[in-house]
Amino acid sequence: TMENNSKILLVALKEYGTTEIKGTSHNPRILQYFQEIGHKWVTTDETAWCSAFMNWVAEEAGLESTGKLNARSWLTVGEKVQDPEPGDVVVFWRESRESWKGHVGIFVRETDTHIFCLGGNQGNRVCISTYPKHRVLGYRRLTTEIVRP
């Protein structure tokens with residue numbers, strides 16, 4: 001629902017600008033994303049964190065998540081959508097369409113050629129970045145609400 005999409009955007013935007021700390025120090029907020037989604041073994045903000053951020057946002061919004069740190073795991077949750085709305089999940093391939101690598105974030109808007117995506121680990125921070133449309137693997141809408149204990 002659009003209400004769920006609004007929740008996702010509001011949770012994510014509150015984190016806007018959260019940035020990795022270069023070197024041996026680590027941003028405790030980024031480590032918190034990993035810890036709160038159950039990946040307590042992560043101790044460095046250099047660990048790829050786009051999916052950790054997406055999981056954290058989804059859980060904070062009370063919606064289903066993958067619990068996994070690979071971006072492509074997001075192709076399996078929610079429902080597939082063709083025409084994305086702000087707040088939908090967008091998954092991109094990285095390096096090649098066939099590789100396991102990817103990037104996940106939140107759809108904001110599109111142009112003819114690019115997607116504006118709000119996400120974590122974009123230039124090492126939470127921000128809105130553009131990605132070429134040809135790299136989109138899919139859009140998902142999170143619909144299942146999860147009641148946390």
Treating [X] as the side-chain partner and [Y] as the backbone partner, does any N or O pair qualify as donor plus acceptor under 3.5 Å?
| X | Y | value |
| --- | --- | --- |
| His39 | Ile37 | no |
| Asp45 | Ile21 | yes |
| Asn121 | Ala48 | no |
| Thr19 | Gly17 | yes |
| Glu64 | Thr144 | yes |

Do [X] and [Y] have side chains that approach each other closer than 4.5 Å (heavy atoms only, starting at C-beta)?
| X | Y | value |
| --- | --- | --- |
| Ile115 | Tyr139 | yes |
| Val104 | Cys50 | yes |
| Cys117 | Thr130 | no |

Quick one about [Y] and [X] (side-chain donor to acceptor, distance below 3.5 Å, no hydrogens or angles considered), yes or no?
| X | Y | answer |
| --- | --- | --- |
| His103 | Gln122 | yes |
| Ser99 | Trp93 | no |
| Glu20 | Trp49 | yes |

Notebook entry, point to check: Any idea how Phe53 and Trp56 line up, ring-wise: parallel (<30°), tilted (30 to 60°), or perpendicular (>60°)?
Noted result: parallel
Hphob cluster co-occupancy, [X] + [Y], side-chain heavy atoms under 4.5 angstrom:
| X | Y | result |
| --- | --- | --- |
| Tyr131 | Phe116 | no |
| Leu118 | Trp74 | yes |
| Val81 | Val57 | no |
| Ile106 | Ile128 | yes |
| Leu69 | Leu63 | yes |

Next on the checklist: Taking Lys7 first and then Glu60, would you say they form a salt bridge - that is, a charged N and a carboxylate O separated by under 4.0 Å?
Outcome noted: no
